[in-house]
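Please read the structure below before turning to the comments.
Values reported hereafter were calculated over all heavy atoms of this structure, with side chains retained and with hydrogens, waters and symmetry mates removed. The model shown is predicted, which means the values in this text are computed figures rather than measured ones.
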Amino acid sequence: QVQLVESGGGLVQTGGSLRLSCAASGTIFSINAMAWYRQAPGIQRELVATITSGGTTNYADSMKGRFTISRDNAKNTVYLQMNSLKPDDTAVYYCSAQILTPPFGLIDYWGQGTQVTVSS
């Protein structure tokens with residue numbers, strides 16, 4: 001059984017910063033790509049950023065320059081540093097990971113989500 005547990009969400013004012021964390025635990029052989037997504041009320045879930053096992057990152061255009069994704073492979077943890085937050089960044093943020101879990105193979109796992117609210 002594999003679990004992803006997010007933390008670090010909360011309420012922040014416009015221009016503020018938050019750092020989200022997502023730790024994977026359980027029977028894990030290896031973790032490939034990890035990512036952050038977000039979903040605001042009434043809006044389809046959207047990709048925020050991805051990071052490969054080797055550290056290559058990719059960002060949605062609206063997050064470039066403000067958000068930074070990173071990971072600690074030894075801790076099976078992915079982070080999202082969010083700066084210069086705007087009210088439009090208000091959403092539930094989810095992490096996901098492609099995890100190799102014997103004997104089932106490569107599976108996409110999701111966290112439960114953490115709420116980020118940016119007040120104007």
TODO: Hey, can you tell me if Tyr94 and Trp110 have their rings parallel, tilted or perpendicular (30° and 60° cut-offs)?
DONE: perpendicular
Task: Closest non-hydrogen atom pair, Leu47 against Ala60 - done: O-CB, 3.4 Å
Open item on the list: Among Ile51, Thr77, Thr57, which residue satisfies the side chain to side chain contact (heavy atoms under 4.5 Å, CB included) criterion with Arg71?
Closed with: Ile51
TODO: Could you pull out the closest heavy-atom pair between Leu11 and Ser119, with the gap in Å?
DONE: CD1-CB, 4.3 Å
Task: Value rounded to 0.5 Å, distance of CZ in Arg66 from CG in Leu85 - done: 6.5 Å
Open item on the list: I want to check something: taking the side chain as every heavy atom from C-beta on, are Asn76 and Ser25 in contact at a cut-off of under 4.5 Å?
Closed with: no
Task: Linked, directly or transitively: Tyr59 and Val78 (ILVMFWY side chains, under 4.5 Å) - done: yes
Open item on the list: Is there a path of hydrophobic side-chain contacts, each under 4.5 Å between heavy atoms, that joins Met63 and Val118?
Closed with: yes
Open item on the list: Measuring from atom CD1 of Ile99 to atom CD1 of Ile107, what distance do you get when rounded to the nearest 0.5 angstrom?
Closed with: 9.0 Å
Open item on the list: Tell me which pairs pass salt bridge (charged side-chain N to carboxylate O under 4.0 Å, His left out) where either residue lies in residues 101-118, with sequence neighbours left out.
Closed with: none
Open item on the list: Distance check, rounded to the nearest 0.5 Å: Ile31 atom CD1 versus Leu100 atom CG?
Closed with: 10.0 Å
TODO: Say whether, by atom type as modelled, one donor and one acceptor occur between the side chain of Thr52 and the main chain of Ala33 under 3.5 angstrom.
DONE: no
Task: Euclidean distance, Tyr79 OH relative to Thr68 OG1, rounded to 0.5 Å - done: 14.0 Å
TODO: State, to 0.1 Å, how close Gly113 and Val92 come at their nearest heavy-atom pair, and which atoms those are.
DONE: CA-CG1, 3.8 Å
- [ ] Examine distances only and state if a side-chain atom of Glu6 and a backbone atom of Leu20 form a donor-acceptor pair shorter than 3.5 Å.
- [x] no
Task: Ile43 with Tyr37, same ILVMFWY side-chain cluster at under 4.5 Å - done: no
Task: Qualifying residues under side chain to side chain donor-acceptor pair (under 3.5 Å), relative to Asn83, sequence neighbours excluded - done: Ser17, Gln81
TODO: Supply the atom-to-atom distance Lys86 NZ to Ser62 OG, rounded to the nearest 0.5 angstrom.
DONE: 7.5 Å
TODO: State the CG-CD distance between Leu4 and Gln112, to the nearest 0.5 angstrom.
DONE: 8.5 Å
Task: Partner residues of Thr117 under the side chain to side chain donor-acceptor pair (under 3.5 Å) criterion, sequence neighbours left out - done: Gln115
TODO: Identify whether Met34 and Leu18 are in the same connected component of the hydrophobic contact network (ILVMFWY, side-chain heavy atoms under 4.5 Å).
DONE: yes
- [ ] Quick one: closest heavy-atom pair of Thr50 and Ala35, and the distance?
- [x] CG2-CB, 3.8 Å
Open item on the list: The criterion is side chain to side chain donor-acceptor pair (under 3.5 Å); which residues satisfy it with Arg38, sequence neighbours excluded?
Closed with: Glu46, Asp89, Tyr93
- [ ] Would you please name every residue forming a side chain to side chain donor-acceptor pair (under 3.5 Å) with Lys64, sequence neighbours left out?
- [x] Asp61
Task: Of all pairs that satisfy side-chain hydrogen bond (donor to acceptor under 3.5 Å, both in side chains), the ones with a partner from residues 27-36, not counting sequence neighbours - done: none
